[in-house]
2 protein chains.
Amino acid sequence: MRPLPAFRAFEPEELEFIARFKRGELVVDRGATVLVEGSHSPHLYTVLSGWGFRFKLLPDGRRQILNYVMPGDLIGLQGSIMGEMQHSVEALSGLILCVFERDKLLELYSKHPGLAYDITWLASREERMLDENLLSVGRRSAIERAAYLLAFIHERARAGGLGTRSRVAIPITQQHIADTLGLSLVHTNKTLRKLVQRGVIEWRDGGCEVVDLQKLLYISGWEGLDEGKRPLV
Amino acid sequence: MRPLPAFRAFEPEELEFIARFKRGELVVDRGATVLVEGSHSPHLYTVLSGWGFRFKLLPDGRRQILNYVMPGDLIGLQGSIMGEMQHSVEALSGLILCVFERDKLLELYSKHPGLAYDITWLASREERMLDENLLSVGRRSAIERAAYLLAFIHERARAGGLGTRSRVAIPITQQHIADTLGLSLVHTNKTLRKLVQRGVIEWRDGGCEVVDLQKLLYISGWEGLDEGKRPLV
DNA sequence: CGAATCCTTGATGCTAATCAATGAGGGTGG
DNA sequence: CCACCCTCATTGATTAGCATCAAGGATTCG
């Protein structure tokens, strides 16, 4: 994954530290829960392959999906830094994770300021994505939200090297989209049908694909992702 | 502010570095904009006193307030780390800011890993607050959202040492609340009236005060803030 | 073949948006 | 000092967007 154009180049000693920092790999099945709200995980993970999502639940079961996780994303940082996980993470597809020891995070901060900075970069980027999602859920109409979300996921996936030739199969159900947008399942379905009818997306066999990104961006009123090189811890 | 029970103790050399890191103080009037979306600010700030809010705008003027900033909060980190501000910040009251040089952030990371860790802690905490706000806007009803928001602001302010004897005057208009909750001004007013009638909050002269925190928490279905010691950069 | 999961569609009702208007301070300039 | 304006809060009437209810179809899997 490192050679991908999206990722910054690392120093040899940084790579060496990361290799030592790494504890092992974890394979998670589709639908399994990786991290649970309220738990104290001794680990921190980097996604090597697959898709997942972060979410929170209300006591009565209402679910809000906060963001999606894709290869290169760090998960469990909040739990490592603040003690207790405040959200859960579930696998959308089979997931391979690189496992890190939470306790070694302090060592990373003292010995590798460049990597520490990268971690802050990732945290900052997550915040940026959340800001945009909150804007969407709070102020955009149903169709704008749906268009924004799909364009956003599509762009992120493309930037991370997923899919082939501008096409990405997004492994998601309409229930996930509904829980991300803060809409009901039924209304989400009706909204997505409109996008399909306008020919901007296609929906097939348990997933979705963006057909016309430009039109999707236009509907959402969003300008698209604009990230330079990013770190990969 | 440092002696407050909410903040962690620092080492003398850390304090010394922070003092050198500090560039000066900035006084901002109520209603003024501190940081603008799209700009490249050479500075990073810590709030010394006053209230403000972070927000984003859609091209047609719809506004979403993302979070509130209070004494001890760091603002502009996103801009410093990722280059361009992706949100704006406006002063809700008169604001005094401690100004830091963006360029010295790298030096901080190399020489003071403890402080670097603190900055990540703060970023992580911001993410946690955003997660909770997103859950609120996406999945809670109007009255739950309003109750949650006011309880949340109240608790944060109390934890930061604002107000006296469990009472805090929150310097906010109903338009701000509406733009935070993703509701219209009219509906927000009607919802707040219900909270006033139930005797859980009071609304007076351009602000709001929580009267019965327990009942407010009950209405919102939220369990309250639970932070231990926090850093203050 | 029955069960489970996911998608789809129509009917109905409620929550919240929009429209419209009024009132209560506070500040400013004549 | 008062008339005017501006901001903010408030309230009623109407409309629209979305939720909820209900049911059925398609596909996969054991």
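Values below: all heavy atoms of this structure, side chains included; hydrogens, waters and symmetry mates excluded. Letters A, B, ... mirror the listed sequences (proteins, then strands); counts begin at 1.
In this entry the distance linking CD1 of A/I177 with P of C/dT5 reads 19 Å, nearest Å. One interatomic measurement links the two molecules: CD of B/Q197 to P of D/dT10, which rounds to 10 Å at whole-angstrom precision. Atom-to-atom, CG of A/L195 to C1' of C/dT8 comes out at 16 Å; the value is rounded to the nearest Å. Whole-Å rounding puts the B/D179 CG to D/dA9 P distance at 12 Å. Counting to the nearest Å, the C1' atom of C/dT18 and the CG atom of B/D60 are 15 Å from each other. Atom P of nucleotide C/dA17 and atom CG of B/L181 are separated by 10 Å, given to the nearest angstrom. Atom pair A/D205:CG and C/dT5:P shows a separation of 19 Å (rounding to whole Å applied). The NZ-P distance, from B/K194 to C/dT15, rounds to 8 Å in whole Å.
Of the two residues contacting DNA chain C, namely A/H176 and B/R140, the nearest-nucleotide position lying further toward the 5' end is that of A/H176. Taking for each of A/S141 and B/G207 the nucleotide of DNA chain D with the nearest heavy atom, the 5'-most of the two is the partner of B/G207.
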Summarise how protein sits on nucleotides 19-30 of chain D as a single string, 5' to 3': B when a protein heavy atom is under 4.0 Å from the base, S for sugar-phosphate-only contact, - for no contact.
SBB---------
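Each side chain to side chain donor-acceptor pair (under 3.5 Å) pair with one or both residues in residues 43-52 of chain B, not counting sequence neighbours, would appear here, but there are none. Listed by first and then second residue, the ring-ring contact (aromatic ring centres under 6.0 Å, His included) pairs involving residues 76-96 of chain B amount to none (not counting sequence neighbours). A ring-ring contact (aromatic ring centres under 6.0 Å, His included) check over residues 164-216 of chain B, counting only residues at least two apart or in different chains, returns the pairs B/F53-B/H176.
You'll find the side chain of B/V99 stays beyond 4.5 Å of the side chain of B/L44, heavy atoms only.
With sequence neighbours left out, A/R139 forms a salt bridge (charged side-chain N to carboxylate O under 4.0 Å, His left out) with B/D179. Under the rule for a side-chain hydrogen bond (donor to acceptor under 3.5 Å, both in side chains), the partners of B/T180 that lie at least two apart in sequence or sit in another chain are B/Y68. Remark: B/R128 pairs with no residue by the salt bridge (charged side-chain N to carboxylate O under 4.0 Å, His left out) rule, at least two apart or across chains. Partners of A/K56 under the salt bridge (charged side-chain N to carboxylate O under 4.0 Å, His left out) rule, at least two apart in sequence or in another chain, are A/E37, B/E132.
At C/dT8, one or more side-chain N or O atoms of A/Q174 fall inside 4.0 Å of OP1 or OP2 (strictly under the cut-off). Here B/N189 reaches the OP1 or OP2 of D/dT10: one of its side-chain N or O atoms lies under 4.0 Å away.
In the helix from C/dC1-D/dG30 to C/dG30-D/dC1, the terminal helix axes, each the rotation mapping four pairs' C1' atoms onto the next four within five end pairs, subtend 30°, rounded to 10°.
Partner of B/E126 under the salt bridge (Lys or Arg N to Asp or Glu O under 4.0 Å) criterion, chosen from B/R54, B/R230, B/R156: B/R54.
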